[in-house]
Amino acid sequence: MRKQFTEVLVIGGGATGLSAARDAVMRGFKTLLLEKGDLAHGTSGRYHGLLHSGGRYVVSDPHSARDCIAENRILRKIIPSAIENTDGWFVTTPEDDPAYADTFLAACKAQGVPAEELNVDVLLNKERLLNQRISRTIRVPDAACDSFDATHILAHDIKARGAKVLLRHEVIGLEIRRQKVCGVNVRNLLTDEEFLIETSMVLNCSGAWAGNIAAMAGGFLKVTPGKGTMIAMNTRLVNTVVNRCKLPHDGDILVPVGTVSVIGTTDIPVESPDQYPIEDWEVEFLLNEGEALIPGFKKFRALRAWAGVRPLYDPTAGGKTESRDLTRSHAVIDHQARDGVGGLLTMVGGKFTTMRLMAQDLVDEACKQLRTKRPCTTAETPAEAPGTKHYYLAQRLNRWEQSHAQHTALTDPIICECELVPESKVRAGIEASQSKILNDLRRDTRLGMGPCQGGFCAYRANGIACGMLAQTPEDAHTTLAQFLQERWKGQRNLLWDHNLRQLELDQNIYRNLLGLDHTVDTADIELYPTEKTA
Amino acid sequence: MADGKLLIVGAGLSGLFAGILAARADLDVTIVARGQGNLMLGTGTIDVHGYQGKARLEVPALGALDDDHPYHKLSDYALREAIELLREICRRRGNPMIGNLEKNLLLPTALGTSRPTTLAPISMVAGSLRDESPLWIARLNGFRDFFPQLMHNRLPQNIHIVDLALTAKEFRRDAYTTDLARMLDNFHKREQITNAWRKSILDYRKKTGEAVTRLGLPAILGLENPRVVLADVEDALECHVFEIPTLPPSVPGMRLYNLLRAEFLTLGGQLVLGPSVKGKISKYQRGSAVMKTANKTEKAIEADAILLASGGFGHHGLVANVDGSVTESVFDLPVDYLTDRHAWTAESYLDAHPYAKFGLRTNAQMQPINQNNKLQADNIWACGSILAGADRLSEGSREGISLSTAFTAVENIIQALS
């Protein structure tokens, strides 16, 4: 069996794991990260896109609020291009208690979250679709963050600093000697090859799946997967983040992300982080809540529904079940102290906005156990080139237009028109990942995430990938069918009006014009989570 | 001959074909449509019945379809006469359709699967998969809507890819099939392109020693005069050339649309594109309609008979609502559908989806009826993709249903008005 060695081994390629790996490699550890799927394959890629100002937690969870505002400021500096500086507002709709705004303002002040109440017309003149009966409006420094961009930036930075990132590698067991984890047994899911990676310290950042890793060390760790369902609306109904000014509840945030806006979320404890179907009532509930913010919300096109699982830590293990009550702040679990097994630390809880701080706390503890003192420098060191600007809506269009202004000929056609992904980006994505999985390309480029949900671009990207990766046509057809099947999941709950029209168009392309249903056996299409190709 | 005013809602295949039939019978016909219908998106072929389950049919097997299928409401000559008539119009207007009801043609798709159909434009038939000789397929460098490397080798025919030069400098923006077709319509540009292609073919011959006998191109061979474009390209390349339908917009479909539209207008029909139509049914069971234009004005349309050719979900004839109900968009006629939305679709994207069979229920005269078989209005008929009971994609039956139900509806309208 092949053997490798690394000082720090991080499990999980989401926001937490990538931040932890970045922290470790910047402190000079030889670092390796394992992810069983793709970057942001789990919860990070199913997030609503809100970079918290902390406002949401000032009343219910002040500790989290303080963490959020500090990290909000830091992330704007270290991953600027993943963030759109949208600002955020807390608004009192006719359904909310107007007095709560005073409690909220006082709490913001106490926790150091900048908040300013302005005349309602300031917001209502800017956001014309909002409920005109909104009575109070408070501005906070919320922002929108694209988690695919963020994780890709971090991964790129980590690799540039010499760390290794292994995607589609699953942990199958821990090597424990003398009460200490000294290695991790790994399976490459694409080749089925198994091997051992020796290591001094394992950082378990597998989020909602953390309990599985802890169990391999003989520990029992109760992580309650809290399902959060979100709906992407077809357009940016708002250009700023809009929160209901009330205690955090379901369906009270609307976030503009890229070309869409996302309403979220529900919060339901579920048994398994791998199986959590979206229920009809959730969709109906979210759309109804949207009506309070934007009258006529239901008439706008709801593009796609999806759910993610929050890794909520339950220290009482089975006591409380309301998952919104479980803390959103994070904790480092030392399995030495807890289960008598050294060399393994688990990060539980937390949220996307505080990923860097979580990593810092985790690696601080790792340093302590490894008996070395190395300062954390992640907050001061940007992951992107100096001068990188924040994302703005017309950025892709601008880049594309500029690149074409220099040529008289059009040589870089747009492959995904909805998300403005040109052929050069598709090729770069495939070149870098060498992945036959079109869904990986989606996470790299946003291909297929717009209104047509892959209708046109899937065939085009498939044709390009087939040539670049020397796929057989049969293999390529399976790839194509898998991608369409993955896109299908998020559409099935929302089949009315435009979405059903869109489905007719897309079905006409793939089943009538192309005859894809006559070349692949649908039973062969293996689905999420591994997205493994034959 | 009858006289009277007929309003047709929808300008897809069934609407235009019905318009032609009615105008030939001297009715005063107006077609009002929001857009141009499914021809723009399809293959440009006439599919009557291609599949039973996943199996390809050698011959349409209408008897095997469910009892409530639209085909079973028709007289035994409707389909045959409709097909003959369409073939006659296409031939006369310079874009002949080849094929017949005795045997399905088998033509390649852009993924290299074999697709059964009844009629295909002459520009497609050299690709017949009943011919076992090899296929050469053109890869147009820089064109994003056609990837011959995705055509597989499950076919008995060997497939070879030939790179043809396509100079991207022709375009100031992304090229669609229609852009290439318009270039080929232009005599001078066509000459330039075919010369460049000829050179590519000669190079290929020199390199491989293979003589190209038949060459497949994406369906781009001109919108205006496809026969001339096809002949010129074949002369230049010294081989048979055939078109393979690819991503929309559909050049062969647009040709068919243009041709039917011209025929309809020549017969004196009126075509109004853009407005939507809203109708109501009086207590005396008579339907009446108004057009709603973009500037929100409403204009009454005088009509003795109204034919709904307004399409299925894809073209707004049927509308699915957020509450799980389905409505017919013009008269709010009763629609056959399943109330449980979970039952509308299959788990697998590529399987047959039950919602495809939703639509209007009609009697044998093609007049909408409710679930208790009660006639909804004396002067309303329906045809085409709005009709319930057919899964057009899974059966490969879209155009056959459109033509034959339009034929039958107009036959009944003429009878009712005379």
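A note on names: the letters A, B, ... follow the listed sequences, proteins ahead of strands, and every chain is numbered from 1.
Looking at B:V322, the atoms closer than 4.5 Å to chain A (heavy atoms on both sides) sit in the backbone and in the side chain alike. With a 4.5 Å cut-off on non-hydrogen atoms, B:D351 touches chain A through its backbone and its side chain both. Interface remark: B:P108 contributes no atoms to any contact with chain A (heavy atom separation under 4.5 Å). For A:L514, the parts lying under 4.5 angstrom from a heavy atom of chain B are both the backbone and the side chain. In this structure, the portions of B:S394 lying under 4.5 Å from any heavy atom of chain A include both its backbone and its side chain. When heavy atoms are compared at a cutoff of 4.5 Å, A:L495 approaches chain B by way of both its backbone and its side chain. Residue contact with chain A, scored on non-hydrogen atoms closer than 4.5 Å, is absent for B:D323. For B:A346, the part lying near chain A is the backbone, with the side chain staying farther off; criterion is any non-hydrogen pair under 4.5 Å. Looking at A:D506, the atoms closer than 4.5 Å to chain B (heavy atoms on both sides) sit in the backbone and in the side chain alike.
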With side-chain hydrogen bond (donor to acceptor under 3.5 Å, both in side chains) as the criterion, how do B:R115 and A:N512 come out once you've worked through the C-alpha distance, each side chain's angles and the decisive distance to 0.1 Å? CA-CA 9 Å; B:R115 191 176 181 285; A:N512 183 30; 2.5 Å; yes

Please report the C-alpha distance between B:R139 and B:D163 in whole Å, then the side-chain angles of each, then the deciding distance to 0.1 Å, and finally whether the salt bridge (charged side-chain N to carboxylate O under 4.0 Å, His left out) criterion is met. CA-CA 5 Å; B:R139 178 160 55 199; B:D163 282 300; 2.7 Å; yes

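A donor-acceptor contact closer than 3.5 angstrom links the side chains of A:D412 and A:S424. No side-chain donor from either of A:R301 and A:T235 sits under 3.5 Å from a side-chain acceptor of the other. No hydrogens or angles considered: nothing links the side chains of A:H518 and B:T113 as a donor-acceptor pair under 3.5 Å.
The distance from atom CZ of A:R501 to atom NE2 of B:H315, rounded to the nearest 0.5 Å, is 7.5 Å.
Residue with the most contacts toward chain A among B:L41, B:V319, B:N38: B:L41 (heavy-atom pairs, distance under 4.5 Å). Ranked by heavy-atom pairs under 4.5 Å with chain B, the first of A:R487, A:H498, A:E417 is A:E417. Contacts with chain A were tallied for B:P148, B:S250, B:G312, B:A352; B:A352 has the most, counting heavy-atom pairs under 4.5 Å. Interface summary for chain A: among B:T246, B:D145, B:T109, B:L111, the most heavy-atom pairs under 4.5 angstrom belong to B:L111. Of the listed residues (B:H353, B:R398, B:R392, B:H316), the one with the most heavy-atom contacts under 4.5 Å to chain A is B:H353. Between chain A and the residues B:G50, B:P248, B:A356, B:A110, the most heavy-atom pairs under 4.5 angstrom are made by B:P248. Taking A:N493, A:I509, A:N508 one by one and counting their heavy-atom pairs under 4.5 Å with chain B, the maximum is reached by A:N508.
The main-chain N or O of A:E284 is found under 3.5 Å from a side-chain atom of A:N288 such that the two form a donor-acceptor pair. One N or O on the side chain of B:K54 and one on the backbone of A:D517 form a donor-acceptor pair closer than 3.5 Å.
Within a 6.0 Å radius of NZ in A:K299, other residues, nucleotides and ligands contribute 12 heavy atoms or fewer.
For the pair A:R460 and B:F146, the cation-pi test (distance below 6.0 Å, angle within 45°) is failed.
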